[in-house]
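Down below is the structure, laid out as structure tokens.
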Amino acid sequence: MTPGARANQSGRILETNVEAILTAYEYFQIGNHVTREYLLNASLLKKRYAKQVYIGNGVYQTSLKVDFYVVGLPVNPPELIIECKWQESGGSVDEKFPYLNLNIQEYYPAPTIVVIGGEGMREGAIKWLRQQVNFNHNLLAVHTLDRFIAWANKTFNRM
């Protein structure tokens, strides 16, 4: 397996874990590669999510898709975007954090949590992204998977 294929597989495993948490709290998937409007209009299911949701154009005026778009949270606002970033060995994921942060701040239509995993991200990059929570009104938190589980336990149990 090539390093790129291995990285993609590891990223999918992180996403699968996030999806398992959503499912455990009775959120129902309504699709993949759908638009935000489609997700918001699927109101028969109060607690729902979709993967790879198109939310519009971003910084470079190119299409933006988010990993998870969740609707029906027991908090205000009731929408949440979850982005998953995995880096097992040295690479470029953490170099993309400024681009991600700017898109979250300027173009994401809902509050966002970034779930990070792997041991390949530079500590300085993770620290920088976590500091952006103080300056970016749309970036709620940057969590490892275990911290995301703890956050979900507190947040999703409010129902």
Side-chain angles (χ1 to χ4, degrees), residues 11-87 93-118 121 124-159:
R12 281 192 305 275
I13 290 170
L14 178 60
E15 290 175 10
T16 299
N17 279 279
V18 169
E19 190 168 13
I21 294 163
L22 292 172
T23 302
Y25 283 100
E26 299 178 351
Y27 285 82
F28 296 93
Q29 182 181 0
I30 65 157
N32 289 330
H33 304 283
V34 299
T35 64
R36 176 177 179 252
E37 292 74 25
Y38 178 84
L39 175 63
L40 294 177
N41 289 327
S43 57
L44 291 176
L45 292 171
K46 181 180 177 194
K47 295 168 55 174
R48 59 196 183 275
Y49 71 94
K51 297 187 327 185
Q52 296 302 311
V53 176
Y54 171 73
I55 60 168
N57 290 335
V59 172
Y60 301 141
Q61 295 305 303
T62 55
S63 295
L64 279 181
K65 288 185 178 181
V66 296
D67 292 331
F68 294 91
Y69 202 113
V70 184
V71 176
L73 272 74
V75 294
N76 199 12
E79 299 173 31
L80 176 71
I81 293 171
I82 303 170
E83 291 283 20
C84 299
K85 301 299 175 196
W86 180 269
Q87 185 71 50
V93 165
D94 55 11
E95 294 172 358
K96 298 173 185 170
F97 286 168
Y99 172 79
L100 174 65
N101 181 62
L102 188 56
N103 275 320
I104 290 169
Q105 183 172 345
E106 300 294 327
Y107 297 99
Y108 280 32
T112 302
I113 291 178
V114 178
V115 180
I116 59 173
M121 292 181 209
I126 296 168
K127 181 179 178 184
W128 179 85
L129 187 59
R130 285 188 168 133
Q131 289 173 341
Q132 299 315 299
V133 171
N134 299 317
F135 308 108
N136 184 338
H137 68 281
N138 240 5
L139 181 59
L140 293 182
V142 178
H143 290 309
T144 58
L145 183 59
D146 61 331
R147 294 306 315 147
F148 177 71
I149 292 169
W151 176 87
N153 287 339
K154 290 177 192 167
T155 303
F156 295 155
N157 275 329
R158 292 184 181 179
M159 298 195 97

Salt-bridge contact Glu19-Lys51 (side-chain N to carboxylate O under 4.0 Å): yes
Min side-chain heavy-atom separation Leu100-Pro98 under 4.5 Å: no
Val114 vs Ile104 side-chain heavy atoms within contact, under 4.5 Å: yes
Backbone N/O of Glu106 and side chain of Asn138: donor-acceptor pair under 3.5 Å: no
Test side chain to side chain contact (heavy atoms under 4.5 Å, CB included) applied to Pro109 and Leu64, Val66, Ile81, Leu40, the passing residue: Ile81
Gln52 vs Asp67 side-chain heavy atoms within contact, under 4.5 Å: yes
Close side-chain approach of Leu39 to Arg48, heavy-atom, < 4.5 Å: yes
Expected output: side-chain Glu26 to main-chain Thr23 donor-acceptor under 3.5 Å: no
Atom pair OH/CD1 of Tyr108 and Ile55 - distance to nearest 0.5 Å: 5.0 Å
Leu22 vs Gln29, side chain to side chain contact (heavy atoms under 4.5 Å, CB included): CA-CA, chis, key distance, verdict: CA-CA 9 Å; Leu22 292 172; Gln29 182 181 0; over 6 Å; no
Whether Asn101 side chain and Phe97 backbone form a donor-acceptor pair below 3.5 Å: no
Donor-acceptor contact present, side-chain Thr155 to main-chain Asn153, <3.5 Å: no
Residue pairs, two or more places apart or on separate chains, that pass ring-ring contact (aromatic ring centres under 6.0 Å, His included) and touch residues 35-63: Tyr60-Tyr99
